[in-house]
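All residue numbers in this chain count up from 1 along the given sequence. Remember, predicted model here, so these are calculated numbers, not experimental data. When a ligand or atom number is given, it counts from 1 through the structure's own listing order.
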Amino acid sequence: MTFRAAVITLYPDMFPGPLGVSLAGRAREEGKWSLEAIQLRDFAADKHRTVDDTPAGGGAGMVLRADVLARAIDHARAVMGDSKPIPVLAMTPRGRPLTQARVRELAQGPGVIVVCGRFEGFDERIFAAREVEEVSIGDIVLSGGEPAALMLLDACIRLLPGVMGAPSSGTEESFENGLLEYPHYTRPAEWEGRTIPEVLRSGDHAKIAAWRKLQSEVDTRLRRPDLWERHEGARVQSASGARREKRDVDQ
Ligand code: SAM
């Protein structure tokens, strides 16, 4: 099955951009995913091809018009035509922060329609009117949604079947189990007086796995207390759920 991506943008030339090379580029050539870059201006109603207007209530900047966006989204939905509904995502700093779990869900679906904002962003009415999911790629402000869309697509594409070399390289990575990944090393064994941890050269797979698990937990606790708290919360919850289930079975 081909994963289908449509991107609505004022800058279609930005696509496929970095997704035209390496893993994603090869996967596209092999038909594992497809891309349609849709020019938002094509859906303007006037001869000046206007897509934006001044903010209601005043203030600086311009806002993308809901009517123009709606026509572009309706067109994208029509050309993508699939038996399963294709999610429509708008890149916005106010959106729900993108997670690896959401990326995995999207990658398992038929594809995505991604809408890129510019200027001050979108007329708020478009989100409810077209069931648009707002997605943020972090607490930063970009000048446009295109780099955010490229990130989102890159994250999805690498998870598509047959895109990554070793199947395990997807599941052991940071965030996949709610933790950051353990640190990596490679040859030379000694470099600028720094050595590779002895255990990684021991050949003892059980010890290596235990070391990696510990590193992953320690790093997550130190670097991302927010992730660690969530991970611990989920662990405690699933342990008490299992205890409850066992009690129910025993009774
Ligand atoms: N006025 C907006 C605000 O303060 O939230 C910022 C608009 S920004 C200059 C223009 C566009 O860049 C946004 O509409 C959005 O599409 C994109 N963008 C900027 N930062 C983003 C982020 N962190 N995640 C996703 N998209 C972002």
Any protein N or O within less than 3.5 Å of an N or O in ligand 1? List each pair with its distance, or say none.
| unit_1 | atom_1 | unit_2 | atom_2 | d |
| --- | --- | --- | --- | --- |
| ligand 1 | 1 (N) | Glu120 | O | 3.0 |
| ligand 1 | 1 (N) | Glu120 | OE1 | 3.1 |
| ligand 1 | 12 (O) | Gly144 | N | 3.4 |
| ligand 1 | 12 (O) | Gly145 | N | 3.4 |
| ligand 1 | 16 (O) | Met91 | O | 2.5 |
| ligand 1 | 16 (O) | Gly117 | N | 2.9 |
| ligand 1 | 20 (N) | Leu142 | N | 3.0 |
| ligand 1 | 23 (N) | Gly138 | O | 3.0 |
| ligand 1 | 23 (N) | Ile140 | O | 2.8 |
| ligand 1 | 24 (N) | Ile137 | N | 3.1 |
| ligand 1 | 26 (N) | Thr92 | N | 3.4 |

For residues 205-215, tabulate all N or O donor-acceptor pairs below 3.5 Å that involve a side-chain atom, not counting sequence neighbours.
| unit_1 | atom_1 | unit_2 | atom_2 | d |
| --- | --- | --- | --- | --- |
| Lys213 | NZ | Glu217 | OE2 | 3.0 |

* Scan residues 110-119 for pairs that pass side-chain hydrogen bond (donor to acceptor under 3.5 Å, both in side chains), counting only residues two or more places apart or in two chains. => Arg118-Glu146

* Contact summary for Phe122 and Val63, nearest pair of heavy atoms ->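 Looks like C-CG1, 3.6 Å.
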
* Asked: Which residues, ordered by chain and number, are linked to Val21 in its hydrophobic cluster, where ILVMFWY side chains connect at heavy-atom gaps below 4.5 Å, directly or through other members?
  ->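 Grouped by the 4.5 Å side-chain rule, Val21 forms a cluster of one, so the answer is none.
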
* Taking atom CD of Glu229 as the centre, does the number of heavy atoms from other residues, nucleotides or ligands within less than 6.0 Å exceed 12? ->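 Not buried by this count: 12 neighbours or fewer within 6.0 Å.
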
* Asked: Does one hydrophobic cluster hold both Leu153 and Phe175, with members joined at side-chain heavy-atom distances below 4.5 Å?
  ->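 Each belongs to a different hydrophobic cluster.
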
